[in-house]
2 protein chains.
Amino acid sequence: MNKLILLFMPKSADEKRIKILESAKRRFAHYGMSKTTMAEIAKDLSFSKALLYYYFPDKNSLYCAVLDYVITEQEEDILEKLKPINNTEKAIMIILEKRMEYIKRYYNLFEYTFNTSKDVPEDLGKVIICSFEKQHEQITSILKNGAKSGALVIDNYEETARLLLFSLMGMRLIVIKDLKHSFFPTKEEFDAILEMQKKMAQIFIKGLSA
Amino acid sequence: MNKLILLFMPKSADEKRIKILESAKRRFAHYGMSKTTMAEIAKDLSFSKALLYYYFPDKNSLYCAVLDYVITEQEEDILEKLKPINNTEKAIMIILEKRMEYIKRYYNLFEYTFNTSKDVPEDLGKVIICSFEKQHEQITSILKNGAKSGALVIDNYEETARLLLFSLMGMRLIVIKDLKHSFFPTKEEFDAILEMQKKMAQIFIKGLSA
DNA sequence: TATTTGACTAATTCTTTTAAATATTCAAGA
DNA sequence: TCTTGAATATTTAAAAGAATTAGTCAAATA
């Protein structure tokens with residue numbers, strides 16, 4: 001199975017592969033997975049459809065690669081912003097803001113991930129879980145720093161990080177869930193969710209304070 | 001429109017109406033809304049199908065009435081348990097335990113409510129929102145008591161209550177969401193969710209402490 | 001040998017039709 | 001005011017066919 005090989009191939013490996021990723025990213029981010037065809041992606045680049053299959057074994061792998069690509073971009077972005085920060089609350093706020101920024105920008109890309117509950121293809125599941133674990137590690141690490149500096153008292157870092165993460169993700173989920181109207185939340189709705197997440201996180205962190 | 005009249009009619013109004021509610025409750029709780037037919041409910045009682053329509057204008061109204069019936073039962077149950085409690089954390093723990101108990105018992109009844117996101121019929125939406133608001137008020141009241149006793153410091157009761165509620169509901173949602181396997185979470189999974197909710201609520205309340 | 005393609009096949013989704021199940025109505029009786 | 005059997009109206013389910021889209025491959029190119 002060469003899916004994994006392609007999926008985890010270093011990005012510099014092939015110029016054309018990146019072209020495809022970028023093009024697919026634009027389509028997926030705008031129209032979502034199901035409303036984007038391989039033919040369209042190929043046409044955008046004036047490639048043949050068959051060429052896409054030379055670089056990616058199937059559509060799902062391409063989608064996963066794009067998702068992974070964006071998630072990595074996001075992670076690096078966050079990591080960069082986090083460098084000078086040594087305050088727990090500020091760090092969490094930055095994470096929340098950045099994540100919301102990416103969710104807004106790539107909503108339809110992620111949307112497939114949100115709504116597909118049952119029967120997640122093998123490798124998509126891997127990407128999602130991997131992303132979750134990266135987030136989890138990040139928050140764990142932030143909590144550890146907070147404890148090391150004496151600001152927080154935490155008995156189980158990983159569990160506490162998971163609690164916070166679940167609360168925040170769940171909060172987003174539950175708000176987006178009952179937006180009756182349209183497919184795409186408005187800017188105001190995104191902002192409202194972010195505000196709630198921030199306030200909730202602040203209380204949570206205060207609850208861990210020494 | 002006599003739906004509302006029937007929906008909010010005092011329960012003692014009609015013996016037979018209760019019979020129908022109870023019977024429908026059993027069916028809905030076990031098989032869910034869509035897998036329960038009016039004919040089955042009627043047959044359970046040896047009533048004619050048409051009689052159901054004498055007491056309830058349509059299936060959805062019956063479902064709503066059952067939901068309301070169970071929610072009211074739950075609210076009263078919780079209120080009773082809460083009477084002797086004057087500690088914020090204990091109060092929230094009791095609410096969480098009771099709610100989980102009801103969710104377990106009536107899972108398929110609520111399941112329709114959880115999964116139906118778009119196109120919620122008018123009156124079902126009312127019942128759901130009403131239930132949410134009752135929960136919200138309850139937590140608001142508990143927080144107010146905590147503040148009055150000097151244990152908590154809260155600037156905006158309603159907002160804070162909503163934050164807690166969203167976190168807890170969201171946490172349940174997100175965990176149940178990615179239970180790949182079956183339709184019905186296992187007892188262990190329910191317990192795991194409850195444990196997370198409890199821990200999360202404890203930290204949250206500590207975060208509000210004076 | 002590594003890429004690239006047009007033309008082909010396979011799988012999936014979308015429509016339409018029809019049949020069956022189920023909800024809902026109603027005239028008439030108790 | 002209740003209650004029912006029988007009739008009608010809606011909704012769902014299944015089947016069939018058409019259309020779209022995913023995926024393959026032998027041959028061409030560089």
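Labels below follow one simple rule: chain letters A, B, ... track the order of the sequence lines, proteins then strands, and each chain is numbered from 1.
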Nearest heavy-atom neighbours spanning B/Tyr53 and B/Pro57: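 That closest heavy-atom pairing would be CD2-O, 3.6 Å.
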In whole Å, what is the span from the [atom1] atom of [X] to the [atom2] atom of [N]?
X	N	atom1	atom2	answer
A/Ile41	D/dA22	CD1	C1'	12 Å
B/Lys35	D/dA13	NZ	C1'	11 Å
B/Phe47	D/dC2	CZ	P	13 Å
A/Met33	D/dT21	CE	C1'	12 Å
A/Leu62	D/dT21	CG	P	16 Å
B/Leu52	C/dA23	CG	P	10 Å
B/Tyr54	D/dG5	OH	C1'	18 Å
A/Tyr55	C/dA2	OH	P	12 Å

Check: protein-nucleotides 27-30 of chain D nitrogen or oxygen pairs below 3.5 Å:
none

Touch class at under 4.0 angstrom, heavy-atom based, for A/Ser34 against every strand present: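 Counting heavy atoms under 4.0 Å across all strands, no contact is made by A/Ser34.
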From D/dA22, D/dT4, C/dT3, nucleotide with atom closest to A/Thr37 side chain: D/dA22
Nucleotide of D/dT3, C/dA2, C/dG6 approaching B/Lys16 most closely (side-chain heavy atoms): D/dT3
Residues in side chain to side chain contact (heavy atoms under 4.5 Å, CB included) contact with A/Ile85, at least two apart in sequence or another chain: A/Lys90, A/Ala91, A/Ile94
Validation row, ring centre B/Phe132 to ring centre B/Phe166 under 6.0 Å: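 Aromatic pair counts; centres sit under 6.0 Å.
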With sequence neighbours left out, what residues match [X] under ring-ring contact (aromatic ring centres under 6.0 Å, His included)?
X	value
A/Tyr31	none
A/Tyr107	A/Phe184, A/Phe190
A/Phe28	A/Tyr63

Estimated bend of the helix from C/dT1-D/dA30 to C/dA30-D/dT1 (axis per five terminal pairs, rounded to 10 degrees):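 Answer rounded to 10°: the end axes differ by 40°.
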Check: B/Glu75 and B/Gln135 side chains under 4.5 Å, non-hydrogen atoms: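 Sidechains of B/Glu75 and B/Gln135: in contact.
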Which residues pass the salt bridge (charged side-chain N to carboxylate O under 4.0 Å, His left out) test with [X], sequence neighbours left out?
X	result
A/Glu158	none
A/Glu137	none
B/Asp77	B/Lys98

Base versus backbone protein contacts along nucleotides 24-30 of chain C [heavy-atom cut-off under 4.0 Å; B, S, -]: BBB----
Position toward the 5' end of DNA chain D (nearest nucleotide), A/Ala39 or B/Leu51: B/Leu51
Set of side chain to side chain donor-acceptor pair (under 3.5 Å) partners for B/Asn87, sequence neighbours left out: none
Contact list for residues 32-55 of chain B, test salt bridge (Lys or Arg N to Asp or Glu O under 4.0 Å), sequence neighbours left out: B/Arg27-B/Glu40, B/Arg27-B/Asp44
